[in-house]
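For reference, the structure is listed below as structure tokens.
Within every chain, numbering begins at 1; the chains are lettered A, B, ... in the order of the sequence lines, protein sequences first and strands thereafter.
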Amino acid sequence: MIRGIKGVKDIPPSQIPKWSVVEKTAHQLAQGYGFKEIRIPIFEPTELYIRSIGGATDIVEKEMYTFLDRDGSSLTLRPEGTAGVVRSFIEHNLINEPTCKKLYYIGPMFRHERPQAGRFRQFHQFGVEMVGTTNPYADIEVISLLWRFFSSLELPGLTLEVNSLGESSDRQVYKENLVTFLNPKIEQLCGNCRRRIDTNPLRVLDCKVPQCRTATEDAPKLTDFLSQTSKDHFNQVLTGLDTLSIPYNLNSRLVRGLDYYSMTTFEVSCSSLGAQNAIGAGGRYDGLFETLGGKSTPAIGFAIGLERVLLALPESMIPHPKPWVFVAGFGPLGSQAGFSMMDTLRSIGITANTDHNASSLKSLLKSADRLSAPFVLILGDDEVSQHHAILRNMQTKAQEIIPLSTASFTLKDRLSG
RNA sequence: GUGGGUGUAGCUCAGUUGGUUAGAGCGCCGGGUUGUGGACCCGGAGGUCGCGGGUUCAAUUCCCGUCACUCACCCCA
């Protein structure tokens, strides 16, 4: 038997209704905010991700699915969406397209991690990118869409945390101060963090190891190193969130794991999720375009993990199936008539189905029951010769005799009621 | 990559202090006669007890290894 790949899941028919609500909500809300959908490739040159995400990050160091193409060039299955969108943006000069400054995507991402609850090797993200403006209103709009997506789906136990990483010059000064603070305390830090002092000192603040927490309690705060411009920007974002009544917590330790973030960053976590509780996150990445060889262009976006959204999705959000009719044609005349009736129904948009393995009325009804058909159209030889059919409501057991000539219209009426 | 838990029927799980034909519930198939589903009753199919090795007269049960699943660390959405 050939098994599927570890951490790569099938989505069985029973799960599709959940996915449909979530995807539909994503499309409708994103478009309602003026975002246009973009579909980018599932694999890209490896270099794209190394340069955008950062060579010292876990994603690049140990989680990418990287392989050689036949010509020897290195390709990578996308571990996230922003890099590809920005690459596409630069490559096609989308900055000149007025309709392309707000883009969204939905699709699979790939990271070689050890699977656990809410974490898979192939997982799906819904993300948006707003390109070309430094205006704080852009930040607010993006966070508002993120928050509205979750509240439309009625996910319980959400917390929004926000922080500002400042401009890269702010961060440079801060980093030096932080390293000076950390170096004397190096003995108290975990092995991971000792390494981080050189590679990415900001992440030390994000460490969950208790000793690291206590060691960094009095660490200098990034907020104190922000330039006036950064401070003003961040304050306007916070004021905007207040105006829109979006609840948030300030978290000066919130550091994103991808190197390209700057200024505003945010993360939504969900208390009903267990260990992997980050359900959506994002921030500004004003430097990424330049990093990838484009013109300096500010941008902000987020990504949401759809599997995690599904885990937290309340049962009540799953829509009831549309009413449909099971056609039970039996006997030489009945099965003929049933078959053409089914086609007539489908031609006017009524969902109709039957079971070709059932031939007696009993077995047909049994099959209809198992498919939880709300209505069954009974068509035996007797009915055909009398030019009518029996419409059975499976829930109430009520049956009515309807003329064959107008059956499809009667059906349409009954199903919509 | 590290650690814990689990692996018995299609599914959820009992069980065997090592001993002839391994159980339940649900599901599935058939029957309870002739054209009416779900309930009930009766019957039936279905398992190399994850795989490999070891100990033993004897292993599904004990030991070792391995693989898979799962949760957590880490990291992230």
Side-chain angles (χ1 to χ4, degrees), chain A residues 1 3-7 9 14 53 56-64 78-82 106-127 146 149-150 190-193 195-196 200 203 206-210 212 254-258 266-270 273-283 301-312 326 328-331 334 355 357-384 390-399:
Chain A
M1 182 177 61
R3 303 181 54 100
I5 299 165
K6 184 200 280 282
K9 299 293 184 191
S14 60
I53 298 169
T57 58
D58 279 20
I59 295 179
V60 170
E61 274 184 346
K62 46 194 185 192
E63 293 174 3
M64 294 207 300
R78 62 184 190 194
E80 58 105 40
T82 301
I106 300 178
M109 307 295 164
F110 306 85
R111 292 182 200 174
H112 187 106
E113 295 185 275
R114 191 83 171 262
Q116 72 186 71
R119 195 172 76 180
F120 311 97
R121 292 187 174 178
Q122 175 176 337
F123 61 102
H124 296 76
Q125 286 189 334
F126 157 47
L146 175 78
F149 175 73
F150 293 134
C190 71
N192 236 329
C193 285
R195 221 165 47 90
R196 282 172 177 148
N200 195 345
R203 293 210 58 83
D206 211 24
C207 188
K208 283 153 197 156
V209 177
C212 298
L254 180 69
V255 176
R256 311 271 352 115
L258 289 72
F266 49 90
E267 177 172 314
V268 174
S269 51
C270 176
L273 277 186
Q276 305 303 315
N277 65 355
I279 196 169
F302 67 65
I304 292 171
L306 296 187
E307 278 80 1
R308 292 179 188 178
V309 172
L310 257 78
L311 284 175
F326 183 99
F330 60 102
D355 179 357
N357 283 328
S359 51
S360 67
L361 180 55
K362 187 187 178 74
S363 58
L364 283 160
L365 279 170
K366 194 169 194 165
S367 180
D369 182 52
R370 272 193 272 213
L371 293 169
S372 24
F375 292 96
V376 175
L377 191 68
I378 298 171
L379 259 172
D381 292 351
D382 296 353
E383 286 73 23
V384 174
I390 296 171
L391 180 61
R392 179 179 176 84
N393 181 320
M394 291 296 274
Q395 207 168 13
T396 65
K397 295 182 172 186
Q399 301 196 159

My understanding is that a pair needs two contacts under 3.5 Å, Watson-Crick or G-U wobble. By that rule, which nucleotide pairs with B/C29?
B/G43

Only pairs with both distances under 3.5 Å count, Watson-Crick or wobble alike; so what is the partner of B/C62 in this structure?
B/G54

Answer yes or no: does a side-chain N or O of A/Q116 lie under 4.0 Å from OP1 or OP2 of B/C73?
yes

Pairing partner of B/U36, by Watson-Crick or G-U wobble and under 3.5 Å for both distances, is none

With the side chain defined as heavy atoms from C-beta on, A/Q125 is closest, among B/A77, B/C69, B/C76, to B/A77

Find the distance A/N357:CG to B/C28:C1' and express it as a whole number of Å.
14 Å

Does A/K9 put a side-chain nitrogen or oxygen below 4.0 Å from OP1 or OP2 of B/U70?
yes

Nearest to the side chain of A/A117 - B/A72, B/C69, B/U36?
B/A72

Output the rounded distance in Å from CG (A/L364) to P (B/G37).
12 Å

Between A/M64 and A/R111, is any pair of side-chain heavy atoms under 4.5 Å apart?
no

Do any side-chain nitrogens or oxygens of A/R121 fall under 4.0 Å of OP1 or OP2 in B/C76?
no

Quick check for you: among B/G37, B/C69, B/G35, whose closest atom lies nearest to any side-chain atom of A/D382?
B/G35

Between A/I5 (CD1) and B/C67 (C1'), how many Å, whole number?
17 Å

Would you indicate what A/E383 reaches in the nucleic acid, counting non-hydrogen atoms under 4.0 angstrom: base, sugar-phosphate, or nothing?
base

4.5 Å side-chain heavy-atom contact, A/R121 and A/H112
yes

From the candidates B/G35, B/G37, B/C73, the one with an atom nearest any side-chain atom of A/I378 is B/G35

If you measure from the ring centre of A/F330 to the centre of the six-membered ring in the base of B/G35, is it under 5.5 Å, with the planes under 30° apart?
no

Would you say A/K6 places a side-chain N or O within less than 4.0 Å of OP1 or OP2 belonging to B/C69?
yes

Between A/E61 (CD) and B/C76 (P), how many Å, whole number?
11 Å

Does any N or O donor sit under 3.5 Å from an N or O acceptor when you compare the side chain of A/R308 with the base of B/C76?
yes

When you match A/G7 and A/L306 each to their closest nucleotide on RNA chain B, which lands nearer the 5' end?
A/G7

Out of B/G38, B/U36, B/C73, which has the shortest distance to the side chain of A/Q276?
B/C73

Could you tell me how far apart A/H112 (NE2) and B/U2 (P) are, to the nearest whole angstrom?
12 Å

Between B/G38 and A/R370, counting only base atoms on the nucleotide and side-chain atoms on the residue, is there a donor-acceptor pair under 3.5 Å?
no

Using a heavy-atom cut-off of 4.0 Å across all strands, would you classify A/E80 as base, sugar-phosphate, or nothing?
nothing

With a 3.5 Å cut-off and heavy atoms only, can you find an N or O donor on one side and an acceptor on the other between the side chain of A/R119 and the base of B/C74?
yes

Looking at B/U6, which nucleotide sits across from it as a Watson-Crick or G-U wobble partner, both distances under 3.5 angstrom, or is there none?
B/A68

Can you work out whether A/E307 or A/L365 has the more 5'-proximal nearest nucleotide on RNA chain B?
A/L365

Report which part of the nucleic acid A/A303 touches: base, sugar-phosphate, or nothing (heavy-atom distance under 4.0 Å, all strands).
sugar-phosphate

For the side chain of A/R78 and the backbone of A/P108, is there at least one donor-acceptor N/O pair under 3.5 Å apart?
yes

Send over the distance from A/R392 CZ to B/G38 P, rounded to a whole Å.
11 Å

When the aromatic ring centroids of A/F126 and A/F302 are compared, is their separation below 6.0 Å?
yes

Contact class for A/M394 (heavy atom, under 4.0 Å): base, sugar-phosphate, or nothing?
base

Interatomic distance, CD1@A/I390 vs CG@A/L379, rounded to 0.5 Å, equals 9.0 Å

Applying a 3.5 Å limit to both distances, which nucleotide forms a Watson-Crick or G-U wobble pair with B/C73?
B/G1

Expressed as a whole number of angstroms, how long is the span from A/L391:CG to B/U36:P?
18 Å

Just N and O in the side chain of A/K362: are any of them under 4.0 Å from OP1 or OP2 of B/G37?
yes

Hey, does A/S367 have a side-chain heavy atom less than 4.5 Å from the side chain of A/F326?
yes

Counting only Watson-Crick or G-U wobble pairs whose two distances fall under 3.5 Å, which nucleotide matches B/G23?
B/C13

Across the strands shown, which category fits A/F326 at heavy-atom distances under 4.0 angstrom: base, sugar-phosphate, nothing?
nothing

How would you label the contact of A/G118 with the nucleic acid (heavy atoms, under 4.0 Å): base, sugar-phosphate, or nothing?
base

